[in-house]
Amino acid sequence: MLTPTRLTSKTAFDRALDLIALCGAEPRVMRARTHDDAVALTSHAPHLVASLMAARLSEGPPEAAHLAGQGLRDVTRIARGDSCLWSDIVESNAAAVADILTQIQEDLGAVLAALKDLAEPDLIRGPEATAKSRNILVDLLERGITGVEELDADPGRRKTVAPERDVGPGGLDEGAGGGDVGPGGLDEGTAGREMGPGGLDEGTAAGPDAGPGGQARATARPGSRPGRCAPREPAR
């Protein structure tokens, strides 16, 4: 994944493409903001949601562990990730992650209200309220099925366009208004980000604590306790 800006030289961009080709991968180029929104949805918010669910297990009844099946393990698997590393990753993309979690909060609020209504005796809630609350649950479940089907879709249905190496005057193509690269030019990928040394974007969520040249600094110090983050180094 590449998020070049106007300050990215053609030489640096071509070297990145060559490296990707040597790895046998397929490059994708998009705006930094588009990238951050995408990884918030596909990686960062899911990790927090998994952690929220996993955190309930330590406060649940002891018998729960004996009843846990593969479904729960699937939902909570990624919650095992290093807490120091993931706190840095999420912080670096905080705004986009907050947007996703806000949308989840809205859905969760509607489901919570429906469940509280369905928990009432039939004579209190009435048939119309019951039908409405059930429809809310079914709608969420159906939307979930649709979302999973998107992940399972045949990759051939999704057209992936390889970036062209011809960069126009003044840098990258300025005409692309969408996220991914289309034929005829490269996406700017600025999104208000500042470029670090070497033309690398230090503001994306590609890794925690990006330092000079885009190299990641280790967040856990040798000898530190697992799950305990070392104090952050002061900004230079």
Side-chain angles (χ1 to χ4, degrees), residues 1 33-120 125 132-152 203-211 216-235:
M1 192 69 64
R33 177 59 185 273
T34 302
H35 167 271
D36 289 357
D37 289 344
V39 294
L41 175 61
T42 61
S43 176
H44 304 164
H47 195 99
L48 291 180
V49 172
S51 296
L52 286 168
M53 188 65 235
R56 297 301 95 213
L57 298 176
S58 61
E59 301 177 9
E63 297 78 11
H66 300 291
L67 301 176
Q70 190 59 45
L72 179 62
R73 297 182 188 280
D74 289 343
V75 169
T76 59
R77 178 183 59 81
I78 58 176
R80 297 177 183 272
D82 182 86
S83 58
C84 298
L85 174 67
W86 273 97
S87 65
D88 281 350
I89 291 175
V90 172
E91 181 180 340
S92 70
N93 199 25
V97 176
D99 288 342
I100 298 298
L101 292 182
T102 297
Q103 297 171 37
I104 293 175
Q105 183 182 43
E106 293 171 354
D107 282 340
L108 185 60
V111 170
L112 182 59
L115 291 174
K116 288 183 176 180
D117 182 66
L118 292 172
E120 296 288 344
R125 66 173 180 263
K132 180 179 179 181
S133 295
R134 286 176 177 169
N135 286 338
I136 290 175
L137 291 178
V138 172
D139 177 67
L140 174 65
L141 295 172
E142 290 290 342
R143 287 162 54 202
I145 293 172
T146 300
V148 172
E149 288 176 346
E150 284 293 313
L151 293 178
D152 296 338
T204 65
D209 286 343
R217 296 196 303 268
T219 57
R221 304 297 187 268
S224 61
R225 292 178 55 190
R228 302 297 181 188
C229 299
R232 292 179 180 273
E233 297 178 1

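- Taking the six-membered ring where tryptophan is involved, the planes of H44 and W86 are perpendicular, since the angle between them exceeds 60° and thus also 30°.
- Two residues are said to be in side-chain contact when any heavy atoms from C-beta on lie closer than 4.5 Å; R143 and D139 meet this criterion.
- Atom CG of D152 and atom CD1 of I145 lie 11.5 Å apart (nearest 0.5 Å).
- Between the CZ atom in R56 and the OG1 atom in T76 there is a gap of 13.5 Å [rounded to 0.5 Å].
- Between the OG1 atom of T102 and the CD atom of Q105 there is a distance of 6.0 Å, given to the nearest 0.5 Å.
- Ionic pairing of D117 and K132 is not present here: no N-O contact between side-chain nitrogen and carboxylate oxygen is shorter than 4.0 angstrom.
- Looking at every heavy atom in both residues, I136 comes nearest to A110 through CG2-O, 3.9 Å.
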Can you list the steps and then say if V75 with V49 is a side chain to side chain contact (heavy atoms under 4.5 Å, CB included)?
CA-CA 9 Å; V75 169; V49 172; over 6 Å; no
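- Nearest heavy atom pair, residue L101 against residue A45, reads CD2-CB, 4.1 Å.
- To the nearest 0.5 angstrom, D99 atom CG is 7.0 Å from D37 atom CG.
- In this structure, the side chain of N93 engages the main chain of D36 through a donor-acceptor pair within 3.5 Å.
- From L108, atom CG reaches atom CD of E106 across 11.0 Å, with rounding to the nearest 0.5 Å.
- Of all the heavy atoms in C84 and S87, the pair that sits closest is O-OG, 2.8 Å.
- The 12-atom threshold is not exceeded at CZ of R77, counting heavy atoms of other residues, nucleotides or ligands nearer than 6.0 Å.
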